[in-house]
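Since the structure comes first, as structure tokens, the remarks are kept for the end.
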There are 2 protein chains.
Amino acid sequence: MQTSGGPTASTGSRRGRRRTLSEDEILDAAMALLDEGGPKAASIRGIAAAVGVAPNAVYTYFPDKAAVVEALIERLLGEVNHDVFADRAQPWRLRLEALALELRRRLCEHPGAVPLMIGGPMNGPHALSLNERLLELLADAGLDPVDAARASYLLIVYAFGSIALQLADVSEPGPAPPEPERIAIRHHAFARMPAGRYPRAATVTTTMAEYISTEQYLWGLHRLFDGITAHAAARTESS
Amino acid sequence: MQTSGGPTASTGSRRGRRRTLSEDEILDAAMALLDEGGPKAASIRGIAAAVGVAPNAVYTYFPDKAAVVEALIERLLGEVNHDVFADRAQPWRLRLEALALELRRRLCEHPGAVPLMIGGPMNGPHALSLNERLLELLADAGLDPVDAARASYLLIVYAFGSIALQLADVSEPGPAPPEPERIAIRHHAFARMPAGRYPRAATVTTTMAEYISTEQYLWGLHRLFDGITAHAAARTESS
DNA sequence: GCCATTTCTGTACGTGGTACAAATATTGTA
DNA sequence: TACAATATTTGTACCACGTACAGAAATGGC
């Protein structure tokens, strides 16, 4: 694929018409459109219009729309703060929770991007480095390489799946009626919600989803931790 | 939305031109296109051509393309065999594993459908009944309603997320080169693979992914079980 | 001051979803 | 049996999308 990189990324002396665009500008516009209009709104034509340029100008910087999306995802993953969980002096559960929350926060800031991440492969350097950190962390937790790989997969699946499923209802901005069935499914989980913490108007959908999901997200995460530690303990005991 | 239902679903006596189509025929064609050409190939025009009809004829049966997709998903979920895990005499872990595997088998038969499920909300009757069964099962496992709701969410996220992430690489049929990075990520997990169980040619991608994922899927599932049981035990103990 | 090079625009093609009206086939009723 | 009402399908058309191609505009090196 090799879709990354600019138009003349390695050209030393630049000749020709002055650039009125930059890759970052394009990605900014794409992200903005994604955030306010969902994946459908982040079209090449829309992006170009947002930066005040003809649609084809984008193709000077990216060979494909897929490349734009890929770069967008990579940049978003690159913004995930690694420092939070890099301190190996801290207990691993704490570091892992910090990572999971940081990742979630970033993704929730850009709901429209999540479907795109799920849809396509994530093989960029940032995605890889994230995975590397995760493996390192799980090794610290006492897992052997095979189990660490599996556990990392498990955690990644959980993080992305959780966010994707949570945002599935909201990612397409529009009417989004409060269908009673959807509420019913989640009825139990609301039982413990403190009263008066969320508004009752149109924003209620997002807010409730946000609230409920943070709780559920953490709950599930800790069940995962329990399962992983139990497994690790059983391993070291039997050997 | 109320998108379901035929054109004149509740009309007793039908007058007019004989129907050459049926909703099921349309859904069959859509599924076939989805399976062989990915989500992109399942266009209204493609479906109509497959059943030998003008594109607009589809709109007699479904108001939207979204409605077609929704019906497709619902039908797929309806095919999930509930009996496997309905036998409340069996231990719950066994029943849950059976459900998870059955769900996975069904979805893996139609990889193209998975991105569609993730993208949109699943609120149809079949999706709801599946959730209901799950809650029932988790209650049998000794979880109180709140925890059961959270655990069901956790399991659903895991099942769908796992399958979606696994299929993300394959869902778009085409070149799909064996990028070295992607292999590298999964390197550890292959360590335990029995030798000579899978071919080495072009099909290797799918086959390996399939193999590795079934193992990882089950591994993760059992970590989840461990975490859930540990939590349930801690709960009943403290009360 | 010219030229090679880079960047952007104009235009156009194919495909997608879908609205509108006309054509067609069927059946209840006269 | 002929007619009218109605359900289904087709023809045509529109607009948005991704993107290919050729040409125009602007720039720095000579």
Side-chain angles (χ1 to χ4, degrees), chain A residues 1 3 5-26 29-30 33-34 37-72 112 116 119-120 172 174, chain B residues 1 3 5-26 29-30 33-34 37-72 112 116 119-120 172 174:
Chain A
M1 291 278 173
T3 52
T8 55
S10 54
T11 300
S13 63
R14 300 274 192 71
R15 278 194 297 188
R17 186 173 177 174
R18 182 163 42 224
R19 294 166 79 108
T20 63
L21 263 62
S22 73
E23 295 180 34
D24 269 327
E25 248 178 298
I26 293 173
L33 287 171
L34 213 51
K40 213 189 73 175
S43 65
I44 292 286
R45 290 174 128 98
I47 295 167
V51 297
V53 113
N56 308 339
V58 176
Y59 288 87
T60 304
Y61 298 85
F62 300 96
D64 252 357
K65 186 185 180 181
V68 178
V69 170
E70 210 173 314
L72 204 66
L116 302 179
E172 204 76 49
Chain B
M1 290 282 174
T3 52
T8 54
S10 55
T11 301
S13 63
R14 299 272 193 72
R15 277 196 298 190
R17 186 173 176 172
R18 180 162 41 223
R19 294 163 80 108
T20 63
L21 263 63
S22 74
E23 294 179 35
D24 270 326
E25 249 179 298
I26 293 174
L33 286 171
L34 212 51
K40 213 189 73 174
S43 64
I44 292 286
R45 292 175 128 97
I47 295 167
V51 297
V53 113
N56 308 337
V58 175
Y59 288 87
T60 305
Y61 297 85
F62 299 95
D64 252 358
K65 186 186 179 180
V68 177
V69 170
E70 209 173 315
L72 204 66
L116 303 179
E172 205 76 49

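Each chain gets a letter, A, B and so on, in the order its sequence line appears, and its residues count up from 1.
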Seminar exercise, completed: Letter by letter from the 5' end, nucleotides 9-18 of chain C scores (B base, S sugar-phosphate only, - none; protein heavy atoms under 4.0 Å) BBBB---BBB
Exercise. Do A:Thr60 and A:Leu21 touch side chain to side chain, with heavy atoms closer than 4.5 Å?
Worked result: no
For this session: Can you tell me the distance, in whole Å, between the CD1 atom of A:Ile47 and the C1' atom of D:dT19?
Result: 14 Å
Seminar exercise, completed: Taking every heavy atom of A:Ala42 against every heavy atom of A:Ala30, the minimum-distance pair comes out as CB-O, 4.1 Å
Seminar exercise, completed: Distance col, row B:Glu70:CD vs B:Leu72:CG, nearest 0.5 angstrom, shows 11.0 Å
Exercise. Given atom CG of A:Leu33 and atom P of D:dA16, what is their separation to the nearest angstrom?
Worked result: 15 Å
Exercise. With side chains defined as the heavy atoms from C-beta onward, is the minimum distance between B:Ile44 and B:Phe62 less than 4.5 Å?
Worked result: no
Problem set entry | Result of checking A:Asp24, A:Thr20, A:Ile26 against A:Ser22 for side-chain contact (heavy atoms from CB on, under 4.5 Å) | A:Asp24
For this session: Ignoring backbone atoms, establish whether B:Tyr61 has a side-chain N or O less than 4.0 Å from OP1 or OP2 of D:dT8.
Result: no
Seminar exercise, completed: note: A:Arg19, atom CZ; D:dG28, atom C1'; distance rounded to Å ~ 15 Å
Exercise. Can you name the closest pair of heavy atoms from A:Pro55 and A:Ala48 and give their distance?
Worked result: CA-CB, 3.4 Å
